[in-house]
K.L.:
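One structure coming up, written as structure tokens, with questions to follow.
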Amino acid sequence: MFLDFMNEVQSLLYEAAKVCGWDQIPTNGFGMLEISPHADLASSIAFRLAPQLSKSPQSIAKDLCDAIEIPAGSMVDRVEQAGPYLNFFMSNSSLASILWEAQGGDCWKGRLSQRVIVEHTSANPNGPLHVGHIRNSVIGDTLARVLRRAGCTVETQYYVNDMGRQIAIVVWGCDHYPLEEIKADHAIAKVYIEANRAITERPELVSEINRQIQLYEAGDPQALGKVKVAVDHAISGIEDTLHRLNIRHDSYHWESEYARSGEMAKLIEQLEGTGLTGWEDGSLQLDLSADGFEKNMVLMRGDGTSLYISRDLAYHRWKSERCDRMVDVLGADHKLISAQLKAALDLLGIPAPEVVIFEFVSLPTGSMSTRRGKFITADELLDEVEKQAYMEVSTRRPEESEEFRREVAREVALGAVRYDVVKVSPEKATTFDWKAALDFEKLSAPFIQYSHARACSILRKADLPEQFDPSLLTGEAEVALIKKIAQFDLIVDKAARELKPHQLATYARELAEAFNGFYRYSPVIEAPSGLREARLALVNAARNALRVTLDTLGIPALESM
RNA sequence: GGACCCGUGGCUUAGCCAGGAUAUAGCACCGGGCUUCUAACCCGGGGGUCGCGGGUUCGAAUCCCGCCGGGUCCGCCA
């Protein structure tokens, strides 16, 4: 749809430049087009050519405009010169074909084809996910959905830290305190917080923790069993929360797999082969100063146990052999370590991951901490939002059954939480705000879900037409809606390439706005015959686009709410 | 101290990487719209030195330099 239109405009521009003899001029500006209020696509290429041609942008734009020859059957209707700009407009016939295409379910798949592994969440199994963790989960899961929609084959992975100090502390805690009969991850957190308190009060316990780490790494069967029980318990609770958010991982990979399989040892051996490693202060270290890193990277502790980074290197090599693109979603605290990881992988010629960094979510009272028990859990957030949604739906739809209202509340809450997270660009640090989280107005998932429900409501009242005449849809809102629907493939393609999921959130809002604008001024059911069929087809196209957009955001597309 | 990220109306935010035509939306505020397909909606209004100061450019929210403010990191933690 829009991608085709854009490609056509690009080649028209390039062909015109060739006619003018300017195609050899070094500029990639021929492909730089923008969706603008003045045109379906606008080019400012004339500005970039001007210094090199010593001509005014206006006259360059005029020459290009004159040289453009639109072939028969093109999606491009016309090009207009507006001063230095070139404005391209879509043809009516392409609007018609967009509408026909959008009637079906097979036009929403992109043209990418890589195998992608997306690693996200990977929270330590020492407690429940909090409102900071789910920024990782929502960004990661949305990216996975965007990549799939764009045509990629995607596997999502959760990298389980079962070897770290935190887990040794959890295991020690499970040995010394009873696990309460509450949600599993919450029970683990209580034990973990308690154990941390004990260690703070009695620092001599540290040696017991170290002993646990050594036993586990050595493969002691009892230690293995204890870790498995504790980690499985925590992960089961974390999974429950992720499921509430419509998130499932395709596979889980425990760090210890890479330590025990020998893959990590092999990798360390290869790093030693670079001549950049050495034993210093009793530990094996890698010198990355050539890449601008001040401090050495420690690969092995003095006592022979491994560190997170070494296991992570092995895990990344394993991943790199199984995909074309590796995507890691990580918090801002991982910026430095992920840059070091890339540098170390680079030394061995292993492809580095694309790292999506998101900045921290803090509370109005300061930063969150699992260890200190200072956090708002994702479960708590979902519970509260669901409660609020239940009140809203009960007010609006009092005649509906309890079951209906519960289900709508659940799906509205899940959508609201996901949208709240994904709508903000990852590089912005945010402060969690209950008021904003519980607001269901325009810049929120319910706004988009509501548009979808309205479209469904119309379609329930009439059969889809076998035939319709798209040329009857000439209203401003109608044309704008068709164009917005067409942009879906462009947005998804861009978001997938650039790994920017919030672009889809913005699009979703614009699509819903376009539909609501149409809905307000264009009666469908009561429209005269002919127009009625065409509008029904447009509602169906919009419904499909909204459904697919919501689905790609991992937000339920409610048919009634 | 060093490195990286952020700083856009009262609050939240898009645009920044690939510089261009009146800077995007939401909340809050003011005004209008439900006997008509779900008003979780729509229409209109006020409100912005795009942190500050330089520079590059025909043109800077966008690029460069310096400062200020906030966040993150600089562990034989993960």
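Protein chains get the first letters and strands the later ones, always in sequence-line order, with residue 1 at the start of each.
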K.L.:
Can you tell which of Leu284(A), Leu313(A), Ile337(A) makes a side chain to side chain contact (heavy atoms under 4.5 Å, CB included) with Met297(A)?
P.N.:
Leu313(A)
K.L.:
Which part of the nucleic acid, if any, lies within reach of Ala42(A) when heavy atoms closer than 4.0 Å are counted: base, sugar-phosphate only, or nothing?
P.N.:
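It contacts base atoms.
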K.L.:
Side chain of Lys428(A) only, heavy atoms from C-beta on: which candidate in C16(B), C41(B), U72(B) is closest?
P.N.:
C16(B)
K.L.:
Are Arg371(A) and A78(B) close enough that a side-chain N or O sits under 4.0 Å from OP1 or OP2?
P.N.:
no
K.L.:
For Phe88(A) versus Ser43(A), what's the shortest heavy-atom pair and its separation?
P.N.:
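Distance-wise, the nearest heavy atoms are CE1-CB, 4.3 Å.
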K.L.:
Please confirm whether the backbone N or O of Gly83(A) pairs with a side-chain atom of Gln81(A), one donor and one acceptor, at under 3.5 Å?
P.N.:
yes
K.L.:
Measure CG/Asn516(A) against C1'/C41(B) and give the value in whole Å, please.
P.N.:
6 Å
K.L.:
Whole angstroms only, please: what is the CE-C1' distance between Met391(A) and A40(B)?
P.N.:
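My rounded result for the distance is 14 Å.
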K.L.:
For Ile337(A), which contact category applies under a 4.0 Å heavy-atom criterion: base, sugar-phosphate, or nothing?
P.N.:
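Base contact.
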K.L.:
Between Glu441(A) (CD) and U12(B) (C1'), how many Å, whole number?
P.N.:
14 Å
K.L.:
Rounded to whole Å, please give me the gap between CZ in Phe358(A) and P in C6(B).
P.N.:
16 Å
K.L.:
Which is true for Tyr521(A) with a 4.0 Å heavy-atom rule: it touches a base, it touches only sugar-phosphate, or it touches nothing?
P.N.:
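Sugar-phosphate: the residue Tyr521(A), judged by heavy atoms under 4.0 Å, touches backbone atoms but no base.
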K.L.:
Pick the P atom in C50(B) and in U24(B), then give their distance to the nearest Å.
P.N.:
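To the nearest whole Å, 14 Å.
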K.L.:
Take the angle between the ring planes of His130(A) and His133(A) and call it parallel below 30°, perpendicular above 60°, tilted in between.
P.N.:
parallel
K.L.:
Compare side-chain N and O positions of Tyr519(A) against OP1 and OP2 of A39(B) and report whether any pair is under 4.0 Å apart.
P.N.:
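Yes, Tyr519(A) has a side-chain N/O under 4.0 Å of OP1/OP2 on A39(B).
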K.L.:
For a quick check of understanding: with a heavy-atom distance under 4.0 Å over all strands, which category does Lys295(A) fall into, base, sugar-phosphate or nothing?
P.N.:
sugar-phosphate
K.L.:
Is there a Watson-Crick or G-U wobble partner for A25(B) with both distances under 3.5 Å, and if so, which one is it?
P.N.:
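The base-pairing partner of A25(B), which may sit in any strand shown, is U12(B).
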K.L.:
Once you apply a heavy-atom cut-off of 4.0 Å, does Ala453(A) come out as touching a base, just sugar-phosphate, or nothing?
P.N.:
base
K.L.:
How far does the C1' atom of C73(B) sit from the matching atom of U13(B), given to the nearest Å?
P.N.:
26 Å
K.L.:
For Ser444(A), answer base if it contacts any base atom (sugar-phosphate contacts may also be present), sugar-phosphate if it contacts only those atoms, and nothing otherwise; contact means non-hydrogen atoms under 4.0 Å.
P.N.:
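Nothing: the residue Ser444(A), judged by heavy atoms under 4.0 Å, touches no strand.
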K.L.:
If we take the P atom in both U49(B) and C43(B), what is their distance in whole Å?
P.N.:
27 Å
K.L.:
Does G1(B) pair with anything, Watson-Crick or G-U wobble, both distances under 3.5 Å, and if so, with which nucleotide?
P.N.:
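Per the H-bond distance test, C74(B).
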K.L.:
Please state how far atom CD in Glu510(A) lies from atom P in A14(B), giving the value in whole angstrom units.
P.N.:
13 Å
K.L.:
Both distances under 3.5 Å, Watson-Crick or G-U wobble: report the partner of G44(B), or none.
P.N.:
C30(B)
K.L.:
With no hydrogens and no angle check, just 3.5 Å: does a side-chain donor-acceptor pair link Glu208(A) and Trp172(A)?
P.N.:
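Yes - a donor-acceptor pair under 3.5 Å links their side chains.
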K.L.:
To the side chain of Ile458(A), which of C4(B), C37(B), C77(B) is closest?
P.N.:
C37(B)
K.L.:
Look at the aromatic rings of Tyr159(A) and Tyr315(A) and report parallel, tilted or perpendicular, splitting at 30° and 60°.
P.N.:
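The arrangement is parallel - the two ring planes meet at less than 30°.
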K.L.:
Quantified in whole Å, what is the C1' atom distance between nucleotide G46(B) and nucleotide G10(B)?
P.N.:
13 Å
K.L.:
Please evaluate the base of A18(B) for a donor-acceptor partner in the side chain of Glu498(A) within a cut-off of under 3.5 Å?
P.N.:
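Yes, a donor-acceptor pair under 3.5 Å.
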K.L.:
Can you tell me the Watson-Crick or wobble partner of G66(B), both distances under 3.5 angstrom?
P.N.:
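G66(B) is paired, partner C52(B).
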K.L.:
Would you say the side chain of Asn87(A) and the base of A21(B) hold a donor-acceptor pair, judged only by whether the two atoms sit under 3.5 Å apart?
P.N.:
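Under the 3.5 Å cut-off, the side chain and the base do form a donor-acceptor pair.
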K.L.:
Just to be sure I understand the rule, does Phe447(A) reach a base, reach only the sugar-phosphate, or reach nothing, if contact means heavy atoms closer than 4.0 Å?
P.N.:
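Sugar-phosphate, backbone atoms only, no base.
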K.L.:
Does NZ or CZ of Arg135(A) fall inside the cone over Phe358(A)'s six-membered ring, less than 6.0 Å from its centre and within 45° of the axis?
P.N.:
no
K.L.:
Does a side-chain heavy-atom distance below 4.5 Å link Thr365(A) with Lys374(A)?
P.N.:
yes
K.L.:
For Ser401(A) and Arg406(A), which I'm curious about, is there any donor-acceptor pair between the side chains at under 3.5 Å?
P.N.:
no
K.L.:
Measure the acute angle between the ring planes of Tyr252(A) and Tyr158(A), then classify it against the limits of 30° and 60° as parallel, tilted or perpendicular.
P.N.:
parallel
K.L.:
Identify whether any heavy atom of His334(A) sits under 4.0 Å from a base atom; if not, whether one sits that close to sugar-phosphate; answer base, sugar-phosphate or nothing.
P.N.:
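The residue His334(A) makes base contact.
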K.L.:
With heavy atoms under 4.0 Å as the rule, sort Asn296(A) into base, sugar-phosphate or nothing.
P.N.:
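Here Asn296(A) touches no strand at all.
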K.L.:
Set out, in order, the CA-CA distance, both residues' side-chain angles and the distance that settles side-chain contact (heavy atoms from CB on, under 4.5 Å) for Lys484(A) and Gln487(A), then state yes or no.
P.N.:
CA-CA 5 Å; Lys484(A) 193 48 80 178; Gln487(A) 285 170 15; 3.0 Å; yes
K.L.:
Between N or O atoms, less than 3.5 Å apart, protein on one side and nucleotides 32-35 of chain B on the other: list the pairs.
P.N.:
none

K.L.:
Applying a 4.0 Å non-hydrogen cut-off, can you work out what Gly302(A) is touching in the nucleic acid: base, sugar-phosphate, or nothing?
P.N.:
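Result for Gly302(A) = base.
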K.L.:
Within this structure, what is the CD-to-P distance between Glu513(A) and A40(B), rounded to whole angstrom?
P.N.:
16 Å
K.L.:
Which one, C17(B), C4(B), A14(B), comes nearest to the side chain of Lys494(A)?
P.N.:
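Minimum distance to the Lys494(A) side chain belongs to C17(B).
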K.L.:
Side-chain N or O of Arg396(A) less than 4.0 angstrom from OP1 or OP2 on C41(B)?
P.N.:
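Result: no.
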K.L.:
In whole angstrom, give me the gap between the P atoms of C6(B) and C63(B).
P.N.:
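The answer is 9 Å between these two P atoms.
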K.L.:
Identify which nucleotide among A78(B), A40(B), G71(B) has an atom closest to any side-chain atom of Glu392(A), counting heavy atoms from C-beta outward.
P.N.:
A40(B)
K.L.:
Within this structure, what is the CG-to-C1' distance between Leu341(A) and C73(B), rounded to whole angstrom?
P.N.:
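Nearest whole value for this atom pair: 16 Å.
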K.L.:
Out of C73(B), C77(B), C4(B), which has the shortest distance to the side chain of Leu307(A)?
P.N.:
C77(B)
K.L.:
Using atom P of each nucleotide, how far apart are G26(B) and C68(B) to the nearest Å?
P.N.:
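The same atom, P, in both gives a distance of 37 Å.
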K.L.:
Of the options U72(B), C58(B), A78(B), whose atoms approach the side-chain atoms of Gln166(A) most closely?
P.N.:
A78(B)
K.L.:
Taking CZ from Phe515(A) and P from C42(B), how many angstroms apart are they, rounded to a whole number?
P.N.:
12 Å
K.L.:
Which part of the nucleic acid, if any, lies within reach of Arg509(A) when heavy atoms closer than 4.0 Å are counted: base, sugar-phosphate only, or nothing?
P.N.:
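Sugar-phosphate only.
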K.L.:
Need one value for Val524(A): base, sugar-phosphate or nothing, where a base atom within 4.0 Å counts as base even if backbone is also close, heavy atoms only.
P.N.:
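The residue Val524(A) makes base contact.
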K.L.:
Taking the same atom, P, in C29(B) and in A23(B), what whole-Å distance lies between them?
P.N.:
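Those two atoms are separated by 26 Å.
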K.L.:
Counting heavy atoms from C-beta on, name the nucleotide in A14(B), A25(B), A21(B) closest to the side chain of Ser425(A).
P.N.:
A14(B)
K.L.:
How far does the C1' atom of A39(B) sit from the matching atom of A21(B), given to the nearest Å?
P.N.:
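One C1' to the other, the span is 36 Å.
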K.L.:
Taking the six-membered ring of Tyr258(A) (Phe, Tyr or Trp), confirm whether the NZ or CZ of Arg311(A) is under 6.0 Å from its centre and within 45° of its axis.
P.N.:
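Judged by the rule (NZ or CZ under 6.0 Å from the ring centre, within 45° of its axis), Arg311(A) is not positioned above Tyr258(A).
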K.L.:
Contact class for Val539(A) (heavy atom, under 4.0 Å): base, sugar-phosphate, or nothing?
P.N.:
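Result for Val539(A) = nothing.
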K.L.:
Between A40(B), A78(B), C27(B), which nucleotide has the shortest distance from any of its atoms to the side chain of Asp333(A)?
P.N.:
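Within the option list, the nearest is A78(B).
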K.L.:
Using a 4.0 Å heavy-atom cut-off, does Met561(A) contact any base of the nucleic acid, only the sugar-phosphate backbone, or nothing at all?
P.N.:
base
